[in-house]
Amino acid sequence: MDLFGNLALGLGVAVTPLNLFYAFVGTLLGTLIGVLPGIGPVPTIAMLLPITYYLPPVSALIMLAGIYYGASYGGSTNAILVNIPGEISSVVTVLDGHQMARQGRAGAALCVSALGSFFAGYVATVVIAAFAPPLVELALKFDAAEYFSLMVLGLLSAVVLAHGSVLKAILMIILGLLLGIVGTDVESGMARFSFEAPELTDGIGFVGLAMGLFAFAEIAVNLEQKSGRHVFTENVTGLWMTWAEFKQVFPAILRGTALGTMLGILSGGGATLSAFASYTVEKKLAKDPSRFGKGAIEGVAGPESANNAGAQTSFIPLLRLGIPSNAVMALMVGALMIHNIQPGPQVMNKPPDLFWGLIVSMWIGNLMLVVLNLPLIGIWVKLLRVPYRLLYPAIVLICTVGSYTANNNVFEVWVAIAFGILGYIFAKLGCEPAPLLLGFILGPMLEENLRRALVLSRGDFTVFFRRPISLTMLLMAAALLILIVVPAIRKKREEVFVEES
Amino acid sequence: MPLIRNPKDFAAGLLFMAFGLAALVIARSYPLGTASRMGPGYFPRILGILLLGLGSLLSLSGCRSGGEPMSRWHWRPLSIVLLSVLVWGLAAQWLGLVVASLALVFVSSVASDEFGWREALLSGAIQAASMVAVFIYGLGVPLPVWPVFLGGGR
Amino acid sequence: MALAGLAQAQTYPSKPIRMIVPFAPGGGVDTTARMISQPLAERLGQPIAVENRAGAGGNVGTELAAREKPDGYALLMGSLSPHSVNPYLYSRLGFDPIKSFTPIVLLWTVPNILVVPAASRFNSAQELVAYAKANPGKLNFGSGGVGSSQHLSGVMLSTAAKIDMVHVAFKGAGPAGTALVAGHLDLMLDTPPALVHVAAGRLKALAVTSKSRNPAIPNVPTFDELGIPGVYMEVWYGIVGPAGTPREIVNRVNKEANAVLQTPEIKKRILEFAAQIRGGTPEEFEQFMISELKRFADVVKTSGAKAE
């Protein structure tokens, strides 16, 4: 394989002034879109599709790809700054990123997010270039049974997201699973828990749920304290990471990149799961896990890297098979078809300049992301100096409009209100919302794959243990369960012991 | 010694039990199927039972081991913020994005104990204008800019 | 009132037109709307803004469109699911699939194609049917969901060939297609994007669900030719307005849309989608909508699908 020759060819295609310009425009647009919750890259790409008709295919793809990873980075920005997980993958970033911002370390959080994403994007792109075919074959080995076992593993790792009581975290996950299955049942087509509302037959919207549970509830909690005026500390420490912090996060970035690269190729939430998985790994490996949830920088670095690596490798199924792994990819297919290019294996072989141009443009796009965002960090951090009495109405407004734009429907705004109330109650009762959110995302997939696996095996439960990949993941899940439960029981005993003495 | 030693856990347990019970009640009409061919009612019922069981465990533990007391509930800021969102939702499609956004910023600002109506109006106007610029002109979101009975301006 | 309507129709369109798409960006309906809106806007002399109003299998946006003012400035990208299938799936619908709308123009139809994995033992539809007859309940066919075109055409095939297959529903045609390519399913009556995999040698195309062969895949036979009559599934896309849209406006949009359908550019792209250009008068479209609605009553009933 002539990897270097191909990369040189790609470099020649992508590094023209015009294509650099489109990479810049796409990344800039994506970052701006990403900062707005709700709207996401999909409608933006849909809107720009007609424009791409007038562009050469490589330029069009470069620009759209730029929007895609720009948006995923922009989402992290508002997760860190204002506690809004605008998209699923930034739920994890909220946990420690926003805590860092409150402690005056927003600069470091944004910086590690940018550099982690950059590094992960680079590595994942090399993986796409070099190992796409075997990775696709691996992804195709995932049948319903494997997906089910993967979801079980993912759910168990959600317990680790919380830093309080294990039992509460488990209950939040189960409640999340329940909320996740609201809507039309995939197998029977029956609407469940939809209360005659047509909008609920599609399920509870993620955007409304996240806006309510995170943004609205958080604002209410901040406002009830007189010190709500000083949500963010006055003494902002440096815009950059220190060398010590860099040494601390680098292994986390490496592990996150590896996880994201692997899970990104799986269709349906692979990239999201990788962010959660990375958080779990970092917390379990940390010498002092109690720092997590209180502004641990590895808790930002790992998941952010994983997320971006996953975003990158989710191109693999599209490029190799022509199978779009998410809505953004489906629109990319549309963009390719406008130019008479049928995506699929041919893309890799027939016009090699297109494929390799895209690969190289991913590098350039990631570079643009850093070039664009590192200077922006200063501006973002200044934004936090705005008095809270002016800042919070703006957050409420953006979240509300963002909820509307998710489906261009006011219903999502009502959903946000309902979850705002619930979120406040959770905050008062000491229930952390992050595990609920993961349960919410994985719930439908867990049920769907469990039932599909049983339909395909005609009711044979041993299917989960007979298939090697599935069995491996279930064993890992069992190991994780022991890791979670044993310390929890020990802690409980200590508590009881302390009280009785 | 009081009966409930960890009020947070105790109340949270009750909340989860309520969700579990509601799920079981609503899902009672959903076909259960069999373990090998699960119907749409199977999974919700398992979740409902788990919420009930583990929720009562949490409540019980709230009686057995101690914890910090519940902090005071302040419904005022929450209600005002959510009321402002409600106003936006009711007004947006009828009075347009400008009026709705202005109203949201103004109403939600009341929740702060540093509220000043001049400042709130000014910041509301600036934000309403930027919402129009970003969402209507930038992203083509289907919402009227001005009240519909004045032409909507779109 | 009538005079005002006429005056309005003569100056139509005098402001931008909205085209409501009751599905999220990226799907077939959205792609169709974006493909047609640009050349149509050029001919009408006013921009057409595509507006995605997704929800409840297309019902939310379709209901919204039915309630718009019938002045030609709010059009709907109508399609098979909301107008021909959902009336049987959902017990409560906020619109009448026919009476709430004024049909304007039928754009094109897209068939489903019977595909099996490349490694499959079946090399023809007859082999597949013969095997299914000998082994009832053994074959798995995938679909993008209950009531999707893949599901309903699978039901049509089961009924027509008197075979018993197990339906495996996925959340969207994409994941179902992946499972088929990976060999986890035995067959699927999939939409033309599956042809990518046929070209790549990962799937085999055995039959097409249209009445005549498709020019994009001239060597794939129809089910009629194979002696399995009654498997007709063509997903249709057409522009409709709210009920009571003035005649003049309907005719104007119909005329321009028909002209667009004849441009070589659209013809070429339609062929790539393996679609068939329809066009024709508003009356023909109305008859088509009525007959499709009637036809799916039995199919949906046999499929056992019910959303609410």
Side-chain angles (χ1 to χ4, degrees), chain A residues 42-47 49-50 53 137 139-144 184-191 194 196-202 267-268 317 320-334 337-338 340 342-346 407-409 411 444-445 448 451-452 455-456 458, chain C residues 24-27 30-31 34-35 37-38 50-57 59-61 63-64 89-90 92-94 137-138 140 145-147 151 166-172 174-175 177-179 181-185 193 195-197 199-202 268-269 272-273 303-308:
Chain A
V42 175
T44 316
I45 293 180
M47 252 176 39
L49 268 188
Y53 191 64
E137 294 310 320
L140 286 180
K141 287 215 164 60
F142 269 68
D143 197 358
T184 307
D185 171 30
V186 171
E187 207 195 290
S188 67
M190 183 180 177
S194 67
E196 311 263 311
E199 287 87 355
L200 278 183
T201 57
D202 298 329
S267 69
R320 282 299 296 175
L321 300 172
I323 294 172
S325 52
N326 55 41
V328 176
M329 297 297 149
L331 284 169
M332 294 279 217
V333 173
M337 294 192 37
I338 284 179
N340 286 340
Q342 286 279 349
Q346 305 97 303
N407 281 321
N408 294 330
N409 193 331
F411 189 82
M445 292 192 250
E448 198 187 315
R451 286 164 71 185
R452 185 177 303 131
V455 166
L456 287 172
R458 301 293 186 266
Chain C
D30 179 69
T31 310
R34 290 178 196 277
M35 226 161 99
S37 61
Q38 207 182 334
V50 172
E51 201 176 296
N52 296 91
R53 300 278 195 161
N59 290 346
V60 170
E63 180 179 340
L64 207 86
L89 283 181
Y90 297 83
R92 292 165 355 110
L93 219 54
K138 195 101 185 268
N140 298 313
V146 171
H151 176 206
V166 174
H167 173 222
V168 184
F170 284 76
K171 206 167 189 168
T178 311
V181 167
H184 305 145
L185 298 167
L195 291 173
V196 174
H197 308 303
R202 283 181 181 264
K268 202 174 109 224
R269 290 191 58 198
E272 285 156 22
F273 279 107
S303 77
K306 195 91 193 128
E308 283 178 275

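Throughout, protein chains are lettered first and strands after them, A, B, ... in sequence-line order, and every chain is numbered starting at 1.
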| message | Less than 4.0 angstrom from a charged side-chain N to a carboxylate O is my criterion; do C:R92 and A:E196 meet it? | response | yes
| Side chain C:R53, main chain A:N408, donor-acceptor under 3.5 Å | yes
| query | Given the options A:N407, A:D202, A:D143, which has more heavy-atom pairs under 4.5 Å with chain C than any of the others? | reply | A:D143
| CG on C:L89 to OG1 on A:T201, rounded to 0.5 Å | 11.0 Å
| With only heavy atoms counted, which part of A:F411 is less than 4.5 Å from chain C, the side chain, the backbone, both or neither? | neither
| task | Determine the minimum heavy-atom distance between A:E187 and C:V146, stating which atoms define it. | result | O-CG2, 3.3 Å
| message | Quick check for you: among C:D30, C:N52, C:V50, which has the greatest number of heavy-atom pairs under 4.5 Å with chain A? | response | C:N52
| task | With the side chain counted from C-beta on, respond yes when C:N140 and A:R458 share a heavy-atom pair under 4.5 Å apart, and no when they do not. | result | yes
| request: Check whether C:L64 gets within reach of chain A through its side chain, its backbone, both or neither, counting any heavy atom under 4.5 Å. | output: neither
| remark: What one should report as the nearest heavy-atom pair of A:P198 and C:A56 is O-CB, 3.3 Å
| query | Do the side chains of A:L456 and C:V166 get nearer than 4.5 Å, heavy atoms only? | reply | no
